[in-house]
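Bear in mind that the values here come from a model prediction, so they are computed numbers and not experimental data. Every chain is numbered from 1 and lettered A, B, ... according to where its sequence line falls, protein lines coming before strand lines.
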2 protein chains.
Amino acid sequence: MPLRIAIFDDNNNIRDSIGLLLRTEKEFEVVGSFPHVLDCVADIKACRPDIVLMDIEMPGMTGIEAVRTLKKEYPEVLIMMQTVFEDDDRVFDSICAGASGYILKNFLNTRLIDSIKELQFGGSPMSPSIARKVMMKMQQVTEQMRPAGNTNYQLTPREKEVLACVVNGLSYKMVADALHISYETVRSHIKKIYEKLHVASLTELVHKTMKERIV
Amino acid sequence: MPLRIAIFDDNNNIRDSIGLLLRTEKEFEVVGSFPHVLDCVADIKACRPDIVLMDIEMPGMTGIEAVRTLKKEYPEVLIMMQTVFEDDDRVFDSICAGASGYILKNFLNTRLIDSIKELQFGGSPMSPSIARKVMMKMQQVTEQMRPAGNTNYQLTPREKEVLACVVNGLSYKMVADALHISYETVRSHIKKIYEKLHVASLTELVHKTMKERIV
DNA sequence: TTTACAATCCCCAAAAGTGGTGAGTCGCCG
DNA sequence: CGGCGACTCACCACTTTTGGGGATTGTAAA
């Protein structure tokens, strides 16, 4: 079964040359080639590609919006972005929008085939600088996820369960019901948790728990 | 000026063969080679590498903890992880801890030199499957950053003030005091907010507010 | 075996929050 | 001007939470 590929690019020459290039590979089949993304959902619906090559600069709807739209409708389609410039920020955005790979047009001739195969087999081909950017963003985000880091309050498993419940908005009674224990037991746990987290009310508790990503 | 490289790996053979391999490149200089990471901070302080090759499985302190520690002390040092198995999760964690690249030991011979150079010139060499994992995590995280996106609950400025207070753990009385209004007024605002956010208790309110990044 | 602690349950009195209803002032817009 | 909405305040009845006390069981470490 061949790998079905669709191309979106406003430049006819590039579209054609990509098509020619891809046709040199037996297992590739170019099933669509479009100069804009205004009808991209309908286009994809019609040609059913496995992989989409998406130019990032296009008239009308931009490639990155198209990615977002397409990914919402067809999450299983893999999208590889391509751009002339090493336009880090926009490519980065499009990656966040749902693209799985990225390649510079300069490298189309030498790297396109390999990149598509990498994409097909579970990889995410991207240029070095983008990779670094993604890594740093990654680290930055996970960093802000745990502010104090090693804030270990030594909650017991049961206490964590109770905490999870109240944080999700359950009242003591509902927690008791959910965990099949009595109302008074819930209270006992809560009291302990209050001591351990140094709070004195549910609002503080929820706030601290969510801010510090406990439970 | 040569590129200074340090190696951490508990396997002497691997450490030696990596050293030999790297010495074939004129611009590389192996400035340190250590069988464990227990003194990694001191080691780095002593040999001052530009790039660290870090084995992920090691006795005592694990490679990933070492990454976290080192990055705290020497954020400018680039760290490349290496592992025998394609141990996605742990490698992924170490990347989050601050590693800038990752390579499978199988590929050491063929890809190590290139990967180090890629690292040196601003890239983030990593195996395809890890790249994909990172991408997906990236998308998932940025997704949860804006949950519904356009969740506009039309809170008035005053209501937002009140909300900010209660979310920070203040009781009604304290809010009243802080905003120089009466207790009953605070209650009025809270009631309105409850309606607008479709919640029925403070815990739900705090939870929803924090989850959806209101205030 | 004693000690320690998680987990379960109970009671009382005080404090805080919830729901409903009503109502006054102010400023803005048609 | 009249209506609307933001902001302010009040009262009543009710529920929920909080801060003290205490008790029992079982398990696991000292």
Tell me, with the steps shown, if B:Val166 and B:His189 meet side chain to side chain contact (heavy atoms under 4.5 Å, CB included). CA-CA 11 Å; B:Val166 300; B:His189 286 305; over 6 Å; no

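Taking atom CG of A:Leu205 as the reference point, atom P of D:dG19 lies 12 Å away to the nearest angstrom. Whole-Å rounding puts the B:Ile181 CD1 to D:dA10 P distance at 12 Å.
Distance from the side chain of A:Tyr172 is smallest for D:dT18 among the nucleotides D:dA10, D:dT18, D:dC7.
Counted by atom type alone, B:Glu159 and B:Tyr153 present zero donor-acceptor pairs between their side chains at under 3.5 Å.
For DNA chain C, the outermost nucleotides in 5' to 3' order that have an atom under 4.0 Å from a heavy atom of chain A are C:dA6 to C:dC12.
Evaluation of the side-chain contact (heavy atoms from CB on, under 4.5 Å) rule for A:Ala97 yields A:Ile64, A:Val67, A:Arg68 as partners, not counting sequence neighbours. Listed by chain and residue number, A:Arg187 satisfy the salt bridge (Lys or Arg N to Asp or Glu O under 4.0 Å) test with A:Glu184 (two or more places apart in sequence, or in another chain).
Applying a 4.0 Å cut-off to non-hydrogen atoms, the residues of residues 186-194 of chain A that approach DNA chain D are A:Arg187, A:Lys191, A:Tyr194, listed by residue number. For DNA chain C, none of the residues of residues 173-180 of chain A falls under the heavy-atom distance limit of 4.0 Å.
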Please list every donor-acceptor pair under 3.5 Å in which a side-chain atom of residues 106-122 of chain B meets a protein atom from a residue at least two apart or in another chain.
residue, atom, partner, partner atom, Å
B:Thr110, OG1, B:Phe107, O, 3.4
B:Ser115, OG, B:Arg111, O, 2.9
B:Lys117, NZ, B:Glu25, OE1, 3.0

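Listed for the A:Asn11 side chain is a donor-acceptor partner under 3.5 Å among the backbone atoms of A:Ile14. B:Arg132 places a side-chain N or O within 3.5 Å of a backbone atom of A:Gly123 that can act as its donor or acceptor partner.
Contact check on B:Arg15 versus B:Asp55 returns no salt bridge, with no Lys/Arg side-chain nitrogen under 4.0 Å from an Asp/Glu carboxylate oxygen. Contact check on A:Arg158 versus A:Glu161 returns a salt bridge, with a Lys/Arg side-chain nitrogen under 4.0 Å from an Asp/Glu carboxylate oxygen.
Counting only heavy atoms from C-beta outward, the side chains of A:Leu53 and A:Asp9 never approach each other to under 4.5 Å. Side-chain contact check for A:Val167 versus B:Met210: every heavy-atom pair is 4.5 Å or farther apart.
Note on B:Ser182: only backbone sugar-phosphate atoms sit closer than 4.0 angstrom, heavy atoms only; bases stay farther off. Using a 4.0 Å heavy-atom cutoff across all strands shown, B:Thr185 reaches at least one base atom of the nucleic acid.
Across the interface with DNA chain D, nearest-nucleotide mapping of B:Lys196 and A:Leu202 shows B:Lys196 to be the residue nearer the 5′ end.
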